[in-house]
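Just so it is clear: chains get the letters A, B, ... in the order the sequence lines come, proteins before strands, and each one is counted from 1.
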Amino acid sequence: MAGTGLAEAVRQAKGIEWKRLEFLEAIVYNVGPYFLLLLVWEGVRVFLQPDPRFVPDVREVIGELIYILKNGILVDYLSRSLLRIALAAGVAIPIGILIGFGIGLNEAIANTLLPLIRFFNSIPAIAWLPLFIIWLGFKDQTIILDASYGLFFPVVFNTIVGVQTVPRVFRDAVRTLGGSWWHVVTDVILPGSLPAVLIGIRTGFAYAWRGLIAAEMIVAANGLGYLIFKAQSMILADRIIAGMILIGLTWSFLDYFLLQPLEEGTIRRWGLVQR
Amino acid sequence: MEMGSQICVRNVTHFYTNRYTRETVLALKDVSFEVDQGEFVCIIGPSGCGKSTLLYLIAGLMKPTMGEIRVDDRPVTGPGPDRGMVFQEFAILPWRTVWRNISHGLEIQGVPREKRDEIVRRYIQLIGLEGFENKYPYELSGGMKQRVALARTLACNPKVVLMDEPFAALDVQTRITLRNELLKLSLQLSNTILFVTHSVDEAALLGDRVIVMTKRPGQVKEIVQNPIPRRERNERTLEDPAFIRYRNHLFQSVRAEVQTAEYEELVQRS
Ligand SMILES: Nc1ncnc2c1ncn2[C@@H]1O[C@H](COP(=O)(O)OP(=O)(O)OP(=O)(O)O)[C@@H](O)[C@H]1O
Ligand SMILES: [Mg+2]
């Protein structure tokens, strides 16, 4: 059977075990830097004494977080933003990888699509927003499309690099084992390009997240982007900062629980990256 | 064409053309030779004389500019499982374990699971890879990696095994070990083996015949028959007077080509 490389990888990713010491270490490394950030923040407040309406106290922000958690806004808005980004990823990542493979493997496809992709890549997702609104209205689709737009390009470009940098000798080896082009794609190019594809997804998510927040500010009546934008009109600096913290934390969690296990089970397991 | 010859290379000439500058490099010029079924033939020649090119052409990974290559009396039109290849760069896949690398060719050919496992187990034993089945390539030494590559190729039982300087990236001791192992192993195999190397010792000890190539553009300079039959060859053969004469002859033959190549390069540069 061909093409079981990825299935095996996913099986291994599920099998990752946590040792207690590793868990403690993870907490120290993941909480420590944020603790430093808090110190700087409090330092600014205590020594520079800015207007408390503009630079709120840590406690006020935490209070605000608890407040929106209690009244249900936090869970509602966060889950809506997450659903949107998940849908954007579901659209942009497969299409991006597919097109990246096409360009990386076929010269005719590369010559046709690359100029267009370069052109559109230079236009920021936010610049498309007015047009998307005219086309799709003030709807979720508009936000998802805007987020997908930002996610798409890094995935495409990194996939191309990934495909093209898989050592040629691996393809030759599979061909001399009697493998067809399809075997080369599934058994060599797909796993071999994975390190670059993961970089593309990670970079792309950062752009998608930006597009999402920006679009939610303008289009939505909910979501994290809306949360902080609405707060601005009421000069609720504490809520704005609470929203920003949520955005940052959410992304950290996504990275930690989604992308990193995928890396552990694949490219680290294969020794393609050193630690 | 003679019956019984497994590989038949006839008047093969090969150019490389640079895509951008349109410059051409003549890698092989009018190369002809035949290899019999079950023979172990080594190819030596100066660096850049087209040895890898020749193997890639026989493997079907490239097409010759001119001339014809036949394997089992059928023209080579592309790569196929009847011609396995072992590459200098340990071309085993980093994302497959030792076991799954060795079974890869069998998977491709759709050999059923049980049969596959049986064959893989046999070659793991034959090539001394027990205990490494579930390791990934990055966890292996160079010698082990190349053992896996050899097992992977042999597991498909190709009629022809092409080996392109398989031991070149190894340290001297490992290299000697693997050379001796391959010599012993080859007595149990019926595959035809075409083995490219830079090492005169390797060629002399392993090859039933040795093809000496000229500097680039590579031509067949001479084909020399080993005075000692393969069954009788072992580490002690290295001290046999007849063998030493044979080895020295090969050495002088290659050395002369290397020297003219170096001389021409000097003249060209000045
Ligand atoms: N893809 C290529 N494009 C252009 N020239 C090439 C290409 N591959 C090889 N050559 C040239 O063809 C000649 C023969 O190359 P080849 O790799 O077959 O030599 P070789 O005998 O295997 O050398 P070595 O012993 O160093 O491995 C060399 O001069 C090389 O520079
Ligand atoms: Mg070579």
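- Heavy atoms of other residues, nucleotides or ligands lying less than 6.0 angstrom from CD of E130(B) number more than 12.
- Using a cutoff of 4.0 Å between basic side-chain nitrogens and carboxylate oxygens, K51(B) and D164(B) are not scored as salt-bridged.
- Heavy atoms of R152(B) lying under 4.5 Å from chain A belong to its backbone as well as its side chain.
- Proximity to chain A is limited to the backbone of I92(B), based on heavy atoms less than 4.5 angstrom apart.
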Residues E216(A), R80(A); criterion salt bridge (Lys or Arg N to Asp or Glu O under 4.0 Å); working and verdict: CA-CA 10 Å; E216(A) 278 182 346; R80(A) 282 172 194 271; over 6 Å; no
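- With chain B as partner, the option from A173(A), G179(A), P167(A), S180(A) having the largest number of non-hydrogen pairs under 4.5 angstrom is A173(A).
- Note: F40(B) and F195(B) have tilted aromatic rings, judged against thresholds of 30 and 60 degrees for the angle between ring planes.
- The interface of residues 116-124 of chain A with chain B, defined by heavy-atom distances below 4.5 Å, is empty.
- Using non-hydrogen atoms only and a strict 4.5 Å limit, the part of residues 75-87 of chain B facing chain A consists of P79(B), G80(B), P81(B), R83(B), G84(B), M85(B), F87(B).
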Could you list the donor-acceptor pairs under 3.5 angstrom formed between side-chain atoms of residues 206-213 of chain A and any protein atom two or more places apart in sequence or on another chain?
{"unit_1": "W209(A)", "atom_1": "NE1", "unit_2": "I247(A)", "atom_2": "O", "d": "3.3"}
{"unit_1": "R210(A)", "atom_1": "NE", "unit_2": "A206(A)", "atom_2": "O", "d": "3.4"}

Residue pair R70(B), D73(B): steps toward the salt bridge (Lys or Arg N to Asp or Glu O under 4.0 Å) verdict: CA-CA 5 Å; R70(B) 289 176 159 267; D73(B) 220 26; 3.7 Å; yes
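- Q6(B) and D36(B) are not linked by any side-chain donor-acceptor pair at a separation below 3.5 angstrom, with hydrogens and angles left out of the test.
- F132(A) is linked by a ring-ring contact (aromatic ring centres under 6.0 Å, His included) to W128(A), counting only residues two or more places apart in sequence or in another chain.
- Pairing each heavy atom of L93(B) with each of D187(A), the nearest pair is CD1-O, 3.8 Å.
- Taking the six-membered ring for Trp and thresholds of 30 and 60 degrees, H14(B) and Y16(B) have ring planes more than 60 degrees apart, a perpendicular arrangement.
- To the nearest 0.5 angstrom, E34(B) atom CD is 10.5 Å from I7(B) atom CD1.
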